[in-house]
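Reminder, nothing fancy here: chain letters follow the sequence lines and each chain counts from 1. Basis for what follows: all heavy atoms, side chains included, without hydrogens, waters or symmetry-related copies.
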Amino acid sequence: MPELPEVEVVRRGLEAHVVGHTIADVEVLHPRAVRRHLPGSIDLAGRLEGQSVVSAERRGKYLWLVLEPSSVAIVVHLGMSGQMLVQDPTVPDEKHLRIRARLESGIDLRFVDQRTFGGWALADLVTVDGTVVPDSVAHIARDPLDPRFDPDVVVKTLRSKQTEIKRALLDQTVVSGVGNIYADEALWRAEIHGNRPTDKLSGPRLRRLLDAARDVMTEALDQGGTSFDALYVNVNGQSGYFDRSLDAYGQEDLPCRRCGSPIRREKFMNRSSYSCPRCQPRPRLVRG
DNA sequence: TATATCTCCTGCGGGC
DNA sequence: TGCCCGCAGGAGATAT
């Protein structure tokens with residue numbers, strides 16, 4: 001499940017293998033993969049052909065390729081199961097191949113996506129808060145690995161909200177790049193239960209939580225990301241190793257590495273949350 | 001306006 | 001063996 005570290009691994013791969021190349025031909029094999037490109041697949045393919053990729057950028061879980069001479073970007077979201085693969089054209093099509101971009105150098109850039117939650121769309125570039133981003137990404141907050149990420153601003157935003165901390169962590173307009181896995185890991189490190197109201201947490205505790213999110217994602221990036229199955233791979237089809245370092249997510253009934261209590265699993269926002277019952281006690285009163 | 005819930009999608013595993 | 005159902009979850013749409 002691609003979150004920030006996994007998307008950054010893919011971005012680096014695209015920077016190494018795709019930047020500097022020109023797109024010769026584009027084939028959209030599943031319309032849902034371009035549903036966010038409202039003019040449709042024919043428009044997208046036509047506007048990509050002949051364009052050169054000049055950079056690969058990322059904010060949170062969104063990544064984009066900047067194109068010249070049109071000065072637009074292909075915005076890519078991997079969703080739950082999206083993969084950007086650099087392949088030799090002789091490699092047989094993947095079962096869930098959704099988009100193929102053939103480069104003039106003779107290699108394929110393939111978008112493979114089993115669950116079709118991800119997709120490609122073209123977007124104009126705009127300047128927001130001193131940074132150039134696609135207009136479709138303008139509402140996304142800076143992520144903890146962004147050099148211009150300001151934790152004090154995020155703490156202030158969190159303390160002004162009337163919601164639970166895990167819900168706020170997953171809100172990409174507050175802080176981006178955090179998904180279910182790294183939210184649970186950051187909350188475990190900061191010893192905070194995900195149901196705690198954001199406005200009842202002190203500034204230093206929230207700061208500690210953001211530091212934990214940054215640290216866990218940095219460590220995951222160093223190990224090539226987290227993989228539970230073949231759904232997340234880098235551009236060469238290889239998996240990461242951080243799943244072996246997870247302290248909370250997916251660790252149900254295993255002893256907490258800090259206190260030994262069995263990690264519990266709870267339903268939250270229609271998904272699973274993992275936490276230590278002793279290190280991360282539930283709040284006495286939960287809204288709702 | 002802010003927050004909460006629903007929906008999309010596919011493959012796997014468990015239960016019957 | 002085969003069918004059915006629940007689960008996984010990011011983010012936009014819809015509801016409250």
Side-chain angles (χ1 to χ4, degrees), chain A residues 1-8 10 28-38 58-64 75-84 93-99 111-121 123 133-141 143 156-187 194-200 213 217 220 225-233 239 243 246 248-253 265-274 285-288:
Chain A
M1 293 145 229
E3 298 183 31
L4 186 155
E6 293 74 37
V7 178
E8 174 61 16
V10 173
V28 177
L29 300 158
H30 196 304
R32 193 172 146 79
V34 297
R35 67 192 180 283
R36 294 190 184 96
H37 185 74
L38 298 181
R58 182 192 57 75
R59 172 171 287 189
K61 304 171 201 170
Y62 288 84
L63 65 88
W64 61 92
V75 179
V76 178
H77 199 290
L78 301 178
M80 284 289 297
S81 54
Q83 302 172 7
M84 294 281 276
D93 287 359
E94 294 76 8
K95 183 177 179 184
H96 301 292
L97 177 62
R98 308 304 189 193
I99 305 171
F111 181 67
V112 176
D113 190 7
Q114 178 195 99
R115 297 179 194 167
T116 65
F117 278 29
W120 289 14
V133 296
D135 55 11
S136 56
V137 180
H139 65 295
I140 300 297
D143 61 67
K156 192 175 174 185
T157 303
L158 288 170
R159 298 204 73 201
S160 71
K161 285 198 161 288
Q162 302 287 309
T163 190
E164 297 153 325
I165 186 59
K166 183 169 178 181
R167 200 180 285 275
L169 266 186
L170 295 173
D171 183 343
Q172 304 299 300
T173 67
V174 175
V175 53
S176 69
V178 182
N180 201 41
I181 298 171
Y182 296 117
D184 278 1
E185 292 301 304
L187 287 163
N195 287 123
R196 291 212 169 265
T198 53
D199 58 348
K200 297 293 189 293
M217 291 196 289
T226 299
S227 299
F228 295 99
D229 48 38
L231 287 184
Y232 161 69
V233 294
S239 296
D243 56 306
L246 295 173
Y249 185 87
Q251 308 300 303
E252 185 179 17
D253 293 333
R265 180 166 78 117
E266 300 169 289
K267 294 301 288 182
F268 180 71
M269 291 173 72
N270 262 340
R271 55 206 61 185
S272 291
S273 279
Y274 299 86
L285 292 172
V286 179
R287 287 191 182 94

Colleague: Could you report the tightest heavy-atom contact between A/A248 and A/Y274, atom names first, then the distance?
Modeller: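 Distance-wise, the nearest heavy atoms are O-CB, 3.1 Å.
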Colleague: Work out which heavy atom in A/A141 is nearest to a heavy atom in A/S176; give both atom names and the distance.
Modeller: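 Minimum heavy-atom separation between A/A141 and A/S176: O-OG, 2.7 Å.
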Colleague: Between A/R58 and A/D143, is the closest basic N to carboxylate O distance under 4.0 Å?
Modeller: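 Looking at A/R58 together with A/D143, the answer is yes, because their closest N to O distance falls below 4.0 Å.
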Colleague: Please give me the minimum heavy-atom distance between A/L78 and A/Q83, naming the atom from each residue.
Modeller: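 In this case the closest contact between A/L78 and A/Q83 is CD2-N, 4.2 Å.
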Colleague: To the nearest angstrom, how far is A/E94 atom CD from B/dT10 atom P?
Modeller: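 That distance rounds to 17 Å.
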Colleague: Bend angle of the helix from B/dA2-C/dT16 to B/dC16-C/dG2 from five-pair axes at both ends, rounded to 10°?
Modeller: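 Comparing the axis at each end, I get an angle of 50°.
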Colleague: Phosphate oxygens OP1/OP2 of B/dC9: is one of them under 4.0 Å from a side-chain N or O of A/S81?
Modeller: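 Negative; the distance criterion is not met.
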Colleague: Restricting to non-hydrogen atoms, name the atom on A/I181 and the atom on A/E3 that form the minimum distance, rounded to 0.1 Å.
Modeller: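 Nearest pair, atom of A/I181 first, then A/E3: N-OE2, 2.9 Å.
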Colleague: A/R98 and side chain to side chain contact (heavy atoms under 4.5 Å, CB included): which partner among A/T116, A/L29, A/V112?
Modeller: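 Only one option passes, and that is A/T116.
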Colleague: For every nucleotide of nucleotides 10-16 of chain C, 5' to 3': is a protein heavy atom under 4.0 Å from its base (B), only from its sugar-phosphate (S), or from neither (-)?
Modeller: BBS----
Colleague: May I ask you to decide whether A/R265 forms a salt bridge with A/D253, counting only side-chain N to carboxylate O separations under 4.0 Å?
Modeller: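 Judged by the 4.0 Å cut-off on N to carboxylate O distance, A/R265 and A/D253 do not form a salt bridge.
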Colleague: Of the options A/F111, A/W64, A/W120, A/Y62, which is the one that meets A/H77 in a ring-ring contact (aromatic ring centres under 6.0 Å, His included)?
Modeller: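 Running ring-ring contact (aromatic ring centres under 6.0 Å, His included) over A/F111, A/W64, A/W120, A/Y62 with A/H77 returns exactly one hit, A/Y62.
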Colleague: Determine the minimum heavy-atom distance between A/T163 and A/A168, stating which atoms define it.
Modeller: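 Smallest interatomic distance, heavy atoms only, reads CG2-CB, 4.0 Å.
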Colleague: So, is A/R98 near the phosphate of B/dT10, with a side-chain N or O under 4.0 Å from OP1 or OP2?
Modeller: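 No, A/R98 has no side-chain N/O under 4.0 Å of OP1/OP2 on B/dT10.
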Colleague: For A/R115 and B/dC9, give me the distance from atom CZ to atom P, rounded to whole Å.
Modeller: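 A/R115 atom CZ is separated from B/dC9 atom P by 14 Å.
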Colleague: Please give, in whole Å, the distance from C/dA8 P to A/N270 CG?
Modeller: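 These atoms are roughly 10 Å apart.
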Colleague: Take atom CE of A/M269 and atom P of B/dT7, then tell me their distance rounded to the nearest Å.
Modeller: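 To the nearest whole Å, that distance equals 16 Å.
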Colleague: How far apart are the closest heavy atoms of A/V178 and A/K61, and which atoms are they?
Modeller: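 Answer, listing the atom of A/V178 first, then A/K61: O-NZ, 3.3 Å.
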Colleague: Measure the distance from NZ on A/K267 to P on B/dA4 and round it to the nearest whole Å.
Modeller: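 Computing the A/K267:NZ to B/dA4:P distance gives 18 Å.
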Colleague: Quick check for you: to the nearest 0.5 Å, what is the distance between A/I165 atom CD1 and A/N195 atom CG?
Modeller: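 Answer for the CD1-CG pair, A/I165 versus A/N195, is 11.0 Å.
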Colleague: Counting only side-chain nitrogens and oxygens, does A/H30 get under 4.0 Å of the OP1 or OP2 atom of B/dC9?
Modeller: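 So the side-chain polar atoms of A/H30 never come under 4.0 Å of the phosphate oxygens OP1 or OP2 of B/dC9.
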Colleague: Could you list, one pair per line, each protein nitrogen or oxygen that sits under 3.5 Å from a nitrogen or oxygen of nucleotides 1-3 of chain B, together with the distance?
Modeller:
residue: B/dT3; atom: OP1; partner: A/Q162; partner atom: N; Å: 2.8
residue: B/dT3; atom: OP2; partner: A/K161; partner atom: NZ; Å: 2.9

